[in-house]
Amino acid sequence: RRGYQARNRGGRWGGALAPHPGPGPPPPRGLGGNPIACAVATEALKVIEEEKLSENSLKQGAVFRANMEAIGHEMIEVVRGKGLMNAVVVKPKDDKTAMDVCYKLAENGILAKPTHDHIIRFTPPLCITDAEVEHASQRIADTFAQF
């Protein structure tokens, strides 16, 4: 005898109840705890811990934010962030927005994400070095100087 199981109400299955496929294992789900994915995640966490990437994130993020504040360009209103997740809030100048700055950054070798027309997000890798932070900061400063 087939039972019924609750499914996504009103979702792609169309109703609250759908027939269970019968005996045997349940049908696959999107977040079923794949053992290979779990093993990869465990190893990734070990690398983060062993290479002290969290500590590096805090250190390099503080340096990055200090470098951004030191640029002192009229378009830069606020520099904010935590660790290596940082944002620069820009004030439009001559109809140039965060998107225009990001295009120019890309031309200069720095990838950044514009958000809400006035925010630029910078999220470098956790393993970034002192030299790479300084190099990126200089390229960002040079880019802002072009506006």
Participant: Say whether, by atom type as modelled, one donor and one acceptor occur between the side chain of Lys96 and the main chain of Phe147 under 3.5 angstrom.
Facilitator: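 Not a single qualifying donor-acceptor pair exists.
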Participant: So which atom in Glu77 and which in Val90 form the shortest heavy-atom distance, rounded to 0.1 Å?
Facilitator: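 Glu77 and Val90 have their closest heavy atoms at OE1-O, 4.1 Å.
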Participant: For Cys127 versus Leu53, what's the shortest heavy-atom pair and its separation?
Facilitator: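 Between these two residues, the closest heavy atoms are CA-CD2, 3.9 Å.
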Participant: Taking all non-hydrogen atoms of both residues, which atom of Ile119 and which atom of Ala87 are closest, and how far apart?
Facilitator: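 Nearest heavy atoms, Ile119 then Ala87: CG2-CB, 3.8 Å.
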Participant: Are the side chain of Arg65 and the backbone N or O of Gly83 linked by a donor-acceptor pair below 3.5 Å?
Facilitator: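 Yes: the side chain of Arg65 pairs with the backbone of Gly83.
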Participant: Without swapping roles, check the side chain of Asn56 against the backbone of Ile128 for a donor-acceptor pair under 3.5 Å.
Facilitator: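 Yes.
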Participant: When you group the ILVMFWY residues by side-chain heavy-atom contacts below 4.5 Å and let the links chain together, are Ile110 and Val79 in the same group?
Facilitator: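 Same cluster: Val79 reaches Ile110 through Ile, Leu, Val, Met, Phe, Trp or Tyr contacts under 4.5 Å.
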Participant: Going through the distances and angles, do Asp130 and Val63 end up as a side-chain contact (heavy atoms from CB on, under 4.5 Å)?
Facilitator: CA-CA 9 Å; Asp130 295 341; Val63 171; 5.9 Å; no
Participant: Tell me the closest heavy-atom pair linking Leu105 and Ala112, and the distance in Å.
Facilitator: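 Shortest heavy-atom contact: CD1-CB, 4.1 Å.
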Participant: Partners of Glu43 by salt bridge (charged side-chain N to carboxylate O under 4.0 Å, His left out), sequence neighbours excluded?
Facilitator: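 Once residues adjacent in sequence are excluded, the partners of Glu43 under the salt bridge (charged side-chain N to carboxylate O under 4.0 Å, His left out) criterion are Lys46.
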Participant: For residues 117-127, pull every pair meeting side-chain hydrogen bond (donor to acceptor under 3.5 Å, both in side chains), keeping only residues two or more places apart or in separate chains.
Facilitator: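 Every pair satisfying side-chain hydrogen bond (donor to acceptor under 3.5 Å, both in side chains) with a residue in residues 117-127: Thr115-Arg121.
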Participant: So, using side-chain contact (heavy atoms from CB on, under 4.5 Å) as the criterion, who are the partners of Glu55 when residues are at least two apart?
Facilitator: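 Result, side-chain contact (heavy atoms from CB on, under 4.5 Å) vs Glu55: Lys52.
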Participant: According to ring-ring contact (aromatic ring centres under 6.0 Å, His included), who are the partners of His73, at least two apart in sequence or on a separate chain?
Facilitator: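 By the ring-ring contact (aromatic ring centres under 6.0 Å, His included) rule, His73 matches Phe144.
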Participant: So how far is it from His116 NE2 to Thr97 OG1, rounded to the nearest 0.5 Å?
Facilitator: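 These two atoms lie 13.5 Å from each other.
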Participant: Taking atom CG of Leu45 and atom OG1 of Thr42, what is their separation to the nearest 0.5 Å?
Facilitator: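 One gets 6.5 Å once the value is rounded to the nearest 0.5 Å.
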Participant: With side-chain contact (heavy atoms from CB on, under 4.5 Å) as the criterion, how do Phe64 and Ile140 come out once you've worked through the C-alpha distance, each side chain's angles and the decisive distance to 0.1 Å?
Facilitator: CA-CA 11 Å; Phe64 179 81; Ile140 294 167; 3.7 Å; yes
Participant: Mind listing the closest non-hydrogen atom pair of Leu84 and Leu126 along with its distance?
Facilitator: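 Shortest heavy-atom contact: CD1-CA, 3.8 Å.
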Participant: Who are the salt bridge (charged side-chain N to carboxylate O under 4.0 Å, His left out) partners of Lys82, not counting sequence neighbours?
Facilitator: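 Once residues adjacent in sequence are excluded, Lys82 has no partner under the salt bridge (charged side-chain N to carboxylate O under 4.0 Å, His left out) criterion.
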Participant: Out of curiosity, does Met99 fall in the hydrophobic cluster containing Val101 (side-chain heavy atoms, cut-off under 4.5 Å, transitive links)?
Facilitator: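 Hydrophobic grouping puts Val101 apart from Met99.
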Participant: Between Ser54 and Ile48, what is the shortest heavy-atom contact and its length?
Facilitator: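 Answer, listing the atom of Ser54 first, then Ile48: OG-CG2, 3.9 Å.
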Participant: Starting at CE of Met68, measure out to CD1 of Ile120 and round the result to the nearest 0.5 Å.
Facilitator: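 Result: 10.0 Å between the selected atoms.
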Participant: Any side-chain hydrogen bond (donor to acceptor under 3.5 Å, both in side chains) involving residues 138-147? Give me the pairs, sequence neighbours left out, ordered by first then second residue.
Facilitator: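 As it turns out, the side-chain hydrogen bond (donor to acceptor under 3.5 Å, both in side chains) pairs with a partner in residues 138-147, which skip direct neighbours, are Asn108-Thr143, His135-Arg139, Gln138-Asp142.
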Participant: With rounding to the nearest 0.5 angstrom, report the CD1 to CD distance, Ile76 to Glu69.
Facilitator: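 The CD atom of Glu69 is 9.5 Å from CD1 of Ile76, to the nearest 0.5 Å.
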